[in-house]
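Heads up: the structure comes next, in structure tokens.
Sequential numbering from 1 along the given sequence is applied to the chain's residues.
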Amino acid sequence: QVQLVESGGGLVQPGGSLRLSCTASGTIFRIHDMRWYRQAAENERELVASITHGGGAKYVDSVAGRFTISRDNTNNTVYLQMNFLQPEDTAIYYCNADLELHQGYGYTGTNQWGQGTQVTVSS
């Protein structure tokens with residue numbers, strides 16, 4: 001009923017920039033918090049940034065000042081602008097969202113993950 005699709009990953013040199021996008025589609029009534037996680041090889045999945053429906057953003061310390069999360073509520077899309085990328089930012093980046101879906105005459109809440117997009121920072 002709902003799908004999150006990420007795009008924008010790739011290979012970039014240290015100091016470079018990438019912009020990730022994640023668009024939700026389906027029988028969506030409302031999207032609450034949206035988040036970006038990342039998982040490097042042999043590491044646990046880490047919350048990188050989150051944003052509320054109203055635009056309030058939070059970041060993990062390691063990316064604060066370099067990454068910016070934003071969203072377009074009209075198009076059900078969340079973005080992650082990543083600047084001054086470093087090799088330690090290399091990971092698979094996942095989009096995550098808390099959604100309310102239309103169900104019959106009411107709504108149902110769910111949490112959904114995207115499929116992930118690879119970001120590699122290397123010279």
Review point. Tell me, do N73 and I31 make a side-chain contact under 4.5 Å, heavy atoms counted?
Key: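 Answer no - side chains too far apart.
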Exercise for review: Check whether any side-chain heavy atom of W36 lies under 4.5 Å from a side-chain heavy atom of I69, and answer yes or no.
Suggested key: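 A side-chain contact under 4.5 Å exists here.
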Review point. Can you check whether N75's main-chain N or O pairs, donor with acceptor, with T77's side chain at less than 3.5 Å?
Key: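 Present.
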Point to revise | Under 3.5 Å donor-acceptor, T90 side chain and V121 backbone | key: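 Between the backbone of V121 and the side chain of T90 there is a qualifying donor-acceptor contact (under 3.5 Å).
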Practice item. Could you walk me through whether T23 and L4 pass the side chain to side chain contact (heavy atoms under 4.5 Å, CB included) test, one step at a time? Key: CA-CA 6 Å; T23 299; L4 301 183; over 6 Å; no
Using the test salt bridge (Lys or Arg N to Asp or Glu O under 4.0 Å), find all partners of [X] that sit at least two apart in sequence or belong to another chain.
X: R66; value: D89
X: D98; value: R35
X: D33; value: none

Would you please name every residue forming a side chain to side chain contact (heavy atoms under 4.5 Å, CB included) with [X], sequence neighbours left out?
X: S122; result: L11, T120
X: R30; result: H32, H53, E100
X: S7; result: S21
X: A91; result: R38, A40, Y93

At what distance, to the nearest 0.5 angstrom, does [atom1] of [X] lie from [atom2] of [Y]?
X: F29; Y: T108; atom1: CZ; atom2: OG1; answer: 13.0 Å
X: L99; Y: N111; atom1: CG; atom2: CG; answer: 7.5 Å
X: L20; Y: F67; atom1: CG; atom2: CZ; answer: 8.0 Å
X: L101; Y: Q112; atom1: CG; atom2: CD; answer: 8.0 Å
X: L18; Y: Q81; atom1: CG; atom2: CD; answer: 8.5 Å
X: S25; Y: Q1; atom1: OG; atom2: CD; answer: 12.0 Å

**Study point:** Pairs involving residues 5-19, ordered by first then second residue, that meet salt bridge (charged side-chain N to carboxylate O under 4.0 Å, His left out) (sequence neighbours left out)
**Key:**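 Listed by first then second residue: nothing to list.
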Check your understanding: Which residue pairs satisfy the salt bridge (charged side-chain N to carboxylate O under 4.0 Å, His left out) criterion with at least one member in residues 101-111, sequence neighbours excluded?
Key ->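 The answer is none; no pair qualifies.
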Check your understanding: Taking only residues two or more places apart in sequence, or in another chain, which ones meet Y79 in a ring pair (Phe, Tyr, Trp, His ring centres under 6.0 Å)?
Key ->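 Ring pair (Phe, Tyr, Trp, His ring centres under 6.0 Å) list for Y79, sorted by chain: empty.
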Review point. Going hydrophobic residue to hydrophobic residue with side-chain gaps under 4.5 angstrom, can you get from I92 over to L47?
Key: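 As far as the 4.5 Å side-chain criterion goes, L47 and I92 are connected within one cluster.
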Work out which heavy atom in [X] is nearest to a heavy atom in [Y]; give both atom names and the distance.
X: S17; Y: N83; value: OG-OD1, 2.9 Å
X: A49; Y: L80; value: CB-CD1, 4.3 Å
X: Q86; Y: G15; value: NE2-N, 4.1 Å

Exercise for review: Quick one: which residue pairs count as a disulfide (SG to SG under 2.5 Å) with a foot in residues 43-93, not counting sequence neighbours?
Suggested key: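 Disulfide (SG to SG under 2.5 Å) check on residues 43-93 returns no pairs.
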Exercise for review: Please collect all disulfide (SG to SG under 2.5 Å) contacts where either partner lies in residues 26-123, sequence neighbours excluded, each pair once.
Suggested key: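 Non-adjacent pairs meeting disulfide (SG to SG under 2.5 Å): C22-C95.
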Review point. Near E88 CD, under 6.0 Å, is it more than 12 heavy atoms from other residues, nucleotides or ligands?
Key: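 Result for CD/E88: enclosed.
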Exercise for review: Determine whether more than 12 heavy atoms belonging to other residues, nucleotides or ligands lie under 6.0 Å from atom CZ of F84.
Suggested key: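 No.
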Review point. Is the centre of the Y37 ring less than 6.0 Å from the centre of the Y94 ring?
Key: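 Ring centres of Y94 and Y37 not closer than 6.0 Å.
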